[in-house]
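Right, one structure below, let's go through it.
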Amino acid sequence: MCAKRLDLQGKTCVITGATSGIGEVAAERLAAMGARLVLIARDRARGEAALRRLRARAPGAAHRVLYADLMLIAEVKRVAAEIAAQERRIDILVNNAGAIFSYRRLTAEGLERTFALNHMAYFVLSHGLREPLLAAAPARVVNTASAAHQSAQLRFEDLQFARAYNGVSAYQRSKLCNILFTRELSRRWVGKGVTVNCLHPGFVATRFGDNSGGLFQTVLKVAKPVGAISPEEGAKTITYLASSPAVEGKSGGYYYKNKLATPTKEAQSDADAKRLWDISARLSGVGTA
Ligand SMILES: NC(=O)c1ccc[n+]([C@@H]2O[C@H](COP(=O)([O-])OP(=O)(O)OC[C@H]3O[C@@H](n4cnc5c(N)ncnc54)[C@H](OP(=O)(O)O)[C@@H]3O)[C@@H](O)[C@H]2O)c1
């Protein structure tokens with residue numbers, strides 16, 4: 001199977017959320033195809049452990065890990081600048097780190113944390129790595145979204161959920177943001193040789209939601225052993241979008257099980273994608289190009 005895929009020898013892949021779950025499996029698969037991995041992790045012990053696992057699979061490969069709390073725009077900018085200074089070319093960027101939070105809290109920068117981590121980090125990191133991605137064209141950006149977007153509607157007047165916060169709704173909305181961001185980034189970058197796609201991995205038995213607190217944590221604990229697929233299964237569409245020749249040149253799509261899928265009407269709104277982009281650019285000070 002791997003042999004039929006794009007040979008990733010000589011390619012560099014930056015990935016977030018590779019210390020756990022589907023990101024961890026995707027990183028290992030991409031490394032097995034020959035890619036050199038640059039991980040962005042928040043926790044040193046977990047980052048070093050992920051690096052050890054990658055090195056054990058492909059001794060000699062110059063994988064590395066950098067650290068940042070992706071909930072903070074300043075941290076995302078810093079780590080992106082560090083990577084961009086060291087990597088002349090980035091062939092693949094996988095924006096994957098994400099979480100759900102039962103209780104509303106603001107980051108030190110004043111953003112609601114679901115919106116900050118699940119959407120703003122994708123936005124700011126992609127921009128911070130723009131030059132090395134363009135330099136590697138044809139390059140790929142892969143964004144982990146979710147079918148959870150299906151119940152979401154954007155409320156532009158209250159993106160930070162200041163009123164009537166609900167962790168599940170905030171999560172669903174952030175995943176709608178992932179699809180709209182994919183749409184707008186694709187529109188802007190595909191002509192420059194960088195394709196941008198997103199995916200739903202399925203309901204996967206990872207650490208997702210384990211520390212979210214509240215009722216949702218309990219519901220997930222019961223539901224995962226019954227209904228969830230393995231991280232190996234859940235990682236497949238990330239790996240596919242990052243490496244398969246079948247999606248060479250294809251951009252702006254939402255995929256599930258390695259197939260193009262149709263997201264909701266809200267997720268197909270070019271006007272909302274543009275409006276979200278403009279707000280994200282204003283909040284972060286990047287994304288005007
Ligand atoms: N599991 C599902 O059923 C499911 C379904 C649809 C979509 N998704 C999406 O899949 C993606 C990956 O989730 P998963 O299921 O693999 O969950 P997971 O096992 O909890 O992995 C989440 C990853 O994100 C990292 N992360 C969390 N907060 C971070 C922060 N502030 N800064 C930097 N890294 C951070 C975690 O790091 P640590 O290792 O340090 O915790 C971990 O590597 C998410 O975007 C999620 O929304 C999951």
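Whatever order the structure lists ligands and atoms in, that order sets their numbers, starting from 1. Keep in mind that the numbers below use all heavy atoms, side chains included, and drop hydrogens, waters and symmetry copies.
Arg140 and Thr195 share no side-chain donor-acceptor pair at under 3.5 Å. For the residue pair Asn95/Asn143, the side-chain donor-acceptor check at 3.5 Å is satisfied. No side-chain donor-acceptor contact under 3.5 Å links Arg113 and Thr107. Between the side chains of Ser280 and His119, at least one donor N or O lies within less than 3.5 Å of an accepting N or O. A donor atom on one side chain and an acceptor atom on the other are not found under 3.5 Å apart for Thr19 and Asp43.
Against a heavy-atom cut-off of under 4.0 Å, Leu117 is close to the following atoms of ligand 1: 28 (N), 29 (C), 30 (C), 31 (N). Near Tyr171, meaning under 4.0 Å from any of its heavy atoms, are these atoms of ligand 1: 6 (C), 7 (C), 8 (N), 9 (C), 46 (C), 47 (O). Proximity to Ser146 (heavy-atom distance under 4.0 Å) selects the following atoms of ligand 1: 6 (C), 7 (C). Each of the atoms 32 (N), 33 (C) of ligand 1 lies under 4.0 Å from some heavy atom of Ala68. Residue-ligand proximity, Pro201 to ligand 1, at heavy-atom distances under 4.0 Å covers atoms 5 (C), 6 (C), 7 (C), 8 (N). Applying the 4.0 Å criterion to heavy atoms of Tyr122 picks out, from ligand 1, the atoms 45 (O). For ligand 1 and Gly98, the ligand atoms under 4.0 Å from any heavy atom of the residue are 22 (C), 24 (O), 44 (C), 45 (O). Atom numbering of ligand 1 starts at 1 in the shown order; those under 4.0 Å from a heavy atom of Phe203 are 3 (O).
Nearest-residue assignment for atom 31 (N) of ligand 1 (options Ile15, Asp69, Leu199, Ile229; heavy-atom criterion): Asp69. In this structure, of Thr144, Ile40, Val94, the residue bringing a heavy atom nearest to atom 10 (O) of ligand 1 is Thr144. Closest heavy-atom approach to atom 7 (C) of ligand 1 within the set Pro231, Ala145, Gly17, Ala49: this belongs to Ala145.
In this structure, Arg173 forms a cation-pi arrangement with Phe161, its terminal cationic atom sitting closer than 6.0 Å to the ring centre and no more than 45° off the ring axis.
Between the SG atom in Cys177 and the CZ atom in Phe123 there is a gap of 11.5 Å [rounded to 0.5 Å]. Between Leu185 atom CG and Tyr122 atom OH the span is 13.0 Å, to the nearest 0.5 Å. One distance of note links NE2 of His63 with CD of Glu28; it measures 9.5 Å at 0.5 Å rounding. Here the OG1-CD1 distance, from Thr239 to Ile92, works out to 10.0 Å after rounding to the nearest 0.5 Å.
Closest to atom 20 (O) of ligand 1 among all protein heavy atoms lies Phe208 N, 3.3 Å. For atom 37 (O) of ligand 1, the nearest protein heavy atom (residue, atom name, distance) is Thr19 OG1, 3.2 Å. Remark: minimum distance from atom 3 (O) of ligand 1 to any protein heavy atom is reached at Val204 N, 2.8 Å. In terms of protein heavy atoms, atom 14 (P) of ligand 1 is closest to Thr206 OG1, 3.4 Å. Protein heavy atom nearest atom 16 (O) of ligand 1, with residue, atom name and distance: Ile22 N, 3.0 Å. Among protein heavy atoms, the minimum distance from atom 18 (P) of ligand 1 is reached at Ser20 OG, 3.6 Å. Among protein heavy atoms, the minimum distance from atom 34 (N) of ligand 1 is reached at Ala97 CB, 3.9 Å. Scanning the protein for heavy atoms near atom 32 (N) of ligand 1, the closest one is Leu70 N, 3.0 Å.
Ligand 1 lies out of reach of Glu75, whose nearest heavy atom is not under 4.0 Å from it. Assignment of Gly234 to the shell around ligand 1 is not supported, since no heavy atom sits closer than 4.0 Å. Using a 4.0 Å cutoff on heavy atoms, Gly202 counts as a contact of ligand 1.
Only the side chain of Arg46 comes within contact range of ligand 1, with a heavy atom under 4.0 Å; no backbone atom does. For Glu24, no heavy-atom contact with ligand 1 is shorter than 4.0 Å. Proximity of Asn96 to ligand 1, defined as any heavy-atom pair under 4.0 Å, is shared by backbone and side chain alike.
Listed for the Glu112 side chain is a donor-acceptor partner under 3.5 Å among the backbone atoms of Thr114.
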Kindly indicate, with the supporting measurements, whether the criterion salt bridge (charged side-chain N to carboxylate O under 4.0 Å, His left out) is fulfilled by Arg36 and Glu87. CA-CA 11 Å; Arg36 185 170 67 85; Glu87 307 287 346; 2.4 Å; yes
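Tyr255 meets the ring-ring contact (aromatic ring centres under 6.0 Å, His included) test with no other residue; sequence neighbours excluded.
For residues 208-229, every residue pair satisfying the ring-ring contact (aromatic ring centres under 6.0 Å, His included) rule, not counting sequence neighbours, is listed here: Tyr171-Phe208.
Looking at ligand 1, you'll find an N or O of Arg42 within less than 3.5 Å of one of its N or O atoms.
Using a 4.5 Å cut-off on side-chain heavy atoms (C-beta onward), Leu154 and Leu159 make contact.
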